[in-house]
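All chains are named by letter (A, B, ...) in the order of the sequence lines, taking the proteins before the strands, and each is independently numbered beginning at 1. As the structure is a computational prediction, the values presented were derived from the model and not from experiment.
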Amino acid sequence: MPKKFLIYNTLSGRIEEFVPLKEGVVKMYTCGPTVYDYAHIGNFRSYIAEDLLKRFLRFLGYKVIHTMNITDVDDKTITGARTQGTSLKEFTAKYEKAFFEDIDKLRISKADYYPRATENIDGMIKIIQGLLDKGYAYEKEGSIYYRISSFPEYGKLSKIKKEDLKKGIRIESDEYEKENARDFSLWKAKKPGEPFWKAPFGEGRPGWHIECSTMSMKYFGPTLDIHAGGVDNIFPHHENEIAQSEAYTGKPFVRYWFHIQHLIVNGEKMSKSKGNFYTLRDLLSMGFSPRAIRYLLLSAHYRKILNFTFDALYQAAASLKRITDFLFELETKEFDEGKTGEAEKMVRETRKKFTDSLADDLNISSAMGAIFNLIHWGNKALEEGKLKKEDTRKIKSMFYEFDRVLAVLPEQIIEELPEEIMELIKKREEARKNMDFATSDAIRDELFKRGIILEDTKEGTRWKMIKK
RNA sequence: GGCGGCGUAGCCAAGUGGUAAGGCAGCGGUCUGCAAAACCGUUAUUCGCCGGUUCGAAUCCGGCCGCCGCCUCCA
């Protein structure tokens with residue numbers, strides 16, 4: 001039986017104990033990308049927070065089934081395809097491919113299913129028809145709208161009152177026929193030049209919200225355990241999903257709503273016009289490592305605004321370096337056989353604090369604090385020569401265990417260097433032996449420029465790759 | 001206007017009644033040919049401000065100030 005896991009639920013507005021519908025299994029749905037452009041670091045913050053949640057649930061022993069939708073038909077994709085003079089499919093395929101490349105780089109674990117909207121139109125039509133039959137929806141000029149007045153609980157997620165919604169809202173030019181300005185479209189009537197599908201209630205294309213309801217029900221049935229996304233989705237997107245799904249099935253749609261706060265840049269909302277808009281590709285081309293970016297996006301609590309700055313990114317890389325440097329010591333030094341009780345105790349306590357922290361609504365800062373406390377203790381023990389071989393094995397395996405959740409450690413702690421560089425390092429060691437420090441320092445400077453840092457220790461010279 | 005969040009050292013950040021974790025950066029020292037890494041010491045008598053409750057408050061209550069988000073299919 002997994003340990004007690006506390007998580008904030010937007011629906012109740014408080015922290016609750018997580019109990020899935022079926023013991024040991026978690027049905028998780030996360031709002032995926034609209035593939036009309038490259039995803040930006042704000043998107044990735046959400047995906048990484050969701051990834052942390054998923055990895056931690058698995059760490060606790062749950063089987064997690066994860067579905068993430070791909071929105072490949074909406075206003076933006078249609079406009080984009082038209083602007084570039086390509087087909088919708090061709091246009092979205094490009095950004096879908098980029099999305100998968102990016103999440104791979106950031107080590108965001110793959111979902112089990114990635115349904116595309118355009119491949120689930122039949123399911124959407126079925127639900128829309130059902131809503132029409134039950135009187136929750138109505139037709140106007142070929143479009144189908146959801147009547148929010150028919151769903152008494154409308155607003156329960158976002159805590160918005162229906163009456164307040166009538167004030168000060170804009171009515172879109174193509175939706176002026178709605179009964180109520182807040183009713184939202186389930187199906188948009190066919191327009192010239194736009195892709196369309198056939199439905200009993202007329203040709204057209206689906207609205208956005210119906211997509212998530214349909215696809216989550218397809219994989220999970222009427223009720224799922226976790227539905228996640230950015231806070232901006234709370235209203236109207238997730239509110240509308242609840243209205244559609246619960247009206248259709250008559251059953252609770254989602255048990256735990258998990259929402260990730262926004263990322264801002266230098267204290268301001270990210271926007272293209274301000275020039276503070278970064279995609280993963282932008283940062284990688286500046287030389288930052290995906291691991292440092294992941295570490296930064298991971299290291300702030302998911303319900304707090306994360307202020308992205310380059311200073312913070314450098315700090316993340318430096319923090320990560322402290323971890324890998326410590327592991328480097330454990331991997332490269334020689335240790336005597338045996339073990340010490342103190343190390344065993346430290347590992348046990350660290351593992352407990354790490355797990356307890358994350359089990360407390362994913363308190364990542366506290367969990368990382370446990371890791372750094374262990375590192376400090378470990379470095380000191382190294383300094384004093386107190387660590388034994390079995391101790392280092394235990395510590396290392398603890399780190400690799402934690403990394404199943406964090407996924408920030410490098411593939412290999414010790415990296416291979418090309419032969420010519422190894423030659424240079426040997427040449428430098430010769431020079432040092434001969435007290436020819438001019439030569440040795442010149443070689444060290446040269447290698448530094450090439451991204452390799454040399455460290456002279458009692459056991460000889462060793463090297464590391466510089467990571468940004 | 002409605003709803004919600006935030007304000008802890010130079011920066012990031014944990015801590016929700018018991019006397020301020022951790023990371024980065026800085027400074028002094030040890031080690032080093034010099035560095036790097038690491039270690040030791042140091043950096044908030046104080047948690048936006050003002051009151052109150054309490055033996056005791058960053059934590060609870062009241063007021064004020066500042067910042068931000070949503071209420072526009074933007075994660």
Side-chain angles (χ1 to χ4, degrees), chain A residues 10 13 30-34 39-50 71 74-76 155 158-161 163-165 167-172 182 184-185 207-209 211 228-237 239-240 259-264 267-272 295-296 299-301 303-307 309 311-323 325-326 328-329 353 357 360 363-376 378-384 432 435-438 440-441 444-445 448 453-458 461-464:
Chain A
T10 309
T30 58
C31 284
T34 301
H40 56 70
I41 52 173
N43 300 120
F44 291 121
R45 190 212 178 171
S46 287
Y47 304 145
I48 284 175
E50 290 157 0
T71 300
D74 79 322
D75 292 347
K76 283 173 299 201
S158 54
K159 324 291 185 237
I160 286 172
K161 294 190 183 80
E163 309 80 69
D164 295 336
L165 290 175
K167 296 178 199 156
I169 61 128
R170 197 183 63 189
I171 298 170
E172 286 177 37
R182 279 298 170 173
F184 56 91
S185 57
W208 177 40
H209 314 296
E211 167 188 325
V231 285
D232 54 325
N233 280 151
I234 295 172
F235 190 88
H237 186 48
E239 193 68 61
N240 291 350
H259 289 105
I260 300 102
Q261 253 302 347
H262 275 176
L263 171 150
I264 57 174
E268 291 183 315
K269 186 167 174 169
M270 188 165 33
S271 76
K272 286 183 179 168
Y295 185 95
L296 174 62
S299 61
H301 186 78
R303 283 194 288 120
K304 289 214 166 175
I305 291 173
L306 172 63
N307 188 14
T309 61
D311 189 39
L313 191 46
Y314 281 112
Q315 288 183 14
S319 300
L320 205 43
K321 184 170 179 296
R322 181 162 165 86
I323 299 173
D325 276 350
F326 175 62
F328 187 89
E329 299 288 338
K353 189 175 174 208
S357 298
D360 181 14
N363 189 340
I364 187 78
S365 304
S366 174
M368 296 312 294
I371 289 181
F372 284 108
N373 280 330
L374 184 279
I375 289 175
H376 184 252
N379 274 139
K380 203 171 166 179
L382 278 168
E383 190 82 2
E384 293 163 358
R432 285 189 74 228
M435 310 286 268
D436 179 4
F437 297 121
S440 71
D441 288 354
R444 187 169 63 191
D445 290 348
F448 185 81
I453 193 150
L454 296 184
E455 300 179 359
D456 301 320
T457 71
K458 290 191 192 79
T461 298
R462 68 188 192 187
W463 47 265
K464 294 170 183 167

**Asked** How long is the gap from CD1 on Ile305(A) to CZ on Arg45(A), to the nearest 0.5 Å?
**Response**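 Going from CD1 on Ile305(A) over to CZ on Arg45(A), the span is 8.5 Å.
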What interatomic distance, in whole Å, is found between [atom1] of [M] and the corresponding atom of [N]?
N: U59(B); M: A21(B); atom1: C1'; result: 16 Å
N: C61(B); M: A20(B); atom1: C1'; result: 23 Å
N: A36(B); M: G26(B); atom1: P; result: 10 Å
N: U42(B); M: G48(B); atom1: P; result: 25 Å
N: C39(B); M: C71(B); atom1: P; result: 48 Å
N: A57(B); M: G17(B); atom1: P; result: 14 Å
N: U45(B); M: A37(B); atom1: C1'; result: 34 Å
N: G4(B); M: U43(B); atom1: C1'; result: 36 Å

**Message:** Within the 4.0 Å limit for protein heavy atoms, which parts of nucleotides 34-42 of chain B are touched? Write it as a string from 5' to 3', B for base, S for sugar-phosphate only, - for none.
**Reply:** BBBSBSS--
**Asked** What string of B, S and - do you get for nucleotides 6-17 of chain B, 5' to 3', when a contact is any protein heavy atom under 4.0 Å?
**Response** -S---BSSSS--
So what does [X] hit on the nucleic acid, given a heavy-atom distance under 4.0 Å: a base, only sugar-phosphate, or nothing?
X: His262(A); result: base
X: Gly229(A); result: sugar-phosphate
X: Lys76(A); result: sugar-phosphate
X: Leu263(A); result: base
X: Asn373(A); result: sugar-phosphate

**Asked** Is there a side-chain contact between Ile264(A) and Met270(A) (heavy atoms, below 4.5 Å)?
**Response**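 Side-chain contact under 4.5 Å: no.
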**Prompt:** Side chains of Phe184(A) and Pro236(A): closer than 4.5 Å at any heavy-atom pair?
**Reply:**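 When only atoms from C-beta onward are counted, Pro236(A) and Phe184(A) do not touch, as no gap falls below 4.5 Å.
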side-chain contact (heavy atoms from CB on, under 4.5 Å) partners for [X], two or more places apart:
X: Asp436(A); answer: Ala431(A), Ala438(A), Thr439(A)
X: Glu383(A); answer: none
X: Asp456(A); answer: Arg428(A), Arg432(A), Arg444(A), Thr461(A)
X: His259(A); answer: Thr10(A), Leu157(A), Val231(A), Ile234(A), His238(A), Trp257(A)

Pair partner, [N] [Watson-Crick or wobble, under 3.5 Å]:
N: A21(B); value: none
N: C67(B); value: G5(B)
N: G41(B); value: C27(B)
N: C47(B); value: none

**Asked** Closest to the Phe437(A) side chain: C24(B), G33(B), G23(B)?
**Response**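 Nearest to the side-chain atoms of Phe437(A), counting from C-beta on, is G33(B).
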**Asked** Out of G23(B), C3(B), A75(B), which nucleotide sits closest to the side chain of Lys159(A)?
**Response**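 The answer is C3(B), which lies nearest to the side chain.
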**Item:** Toward the 5' end of RNA chain B, by each residue's nearest nucleotide, Ala370(A) or His209(A)
**Value:**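 On the 5' side of the pair lies Ala370(A).
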**Message:** On RNA chain B, does the nearest nucleotide to Glu268(A) precede the nearest nucleotide to Ile41(A) from the 5' side, or the other way round? Give the residue.
**Reply:**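 Going by which nucleotide is closer to the 5' end, it is Glu268(A).
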**Request:** Compare side-chain N and O positions of Lys458(A) against OP1 and OP2 of U32(B) and report whether any pair is under 4.0 Å apart.
**Result:**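 So the side chain of Lys458(A) is outside the cut-off, no N or O lying under 4.0 Å from OP1 or OP2 of U32(B).
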**Message:** Can you confirm whether Phe448(A) is buried at CZ, in the sense that more than 12 heavy atoms of other residues, nucleotides or ligands lie under 6.0 Å from that atom?
**Reply:**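 Not more than 12 within 6.0 Å, no.
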**Request:** Compare every heavy atom of Gly267(A) with every heavy atom of Asn307(A), then report the nearest pair and how far apart it is.
**Result:**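 For Asn307(A) versus Gly267(A), the nearest heavy atoms are OD1-N, 2.8 Å.
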**Asked** Does one side chain, of His376(A) or Asn379(A), offer a donor that lies under 3.5 Å from an acceptor on the other?
**Response**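 No, Asn379(A) and His376(A) have no side-chain donor paired with an acceptor closer than 3.5 Å.
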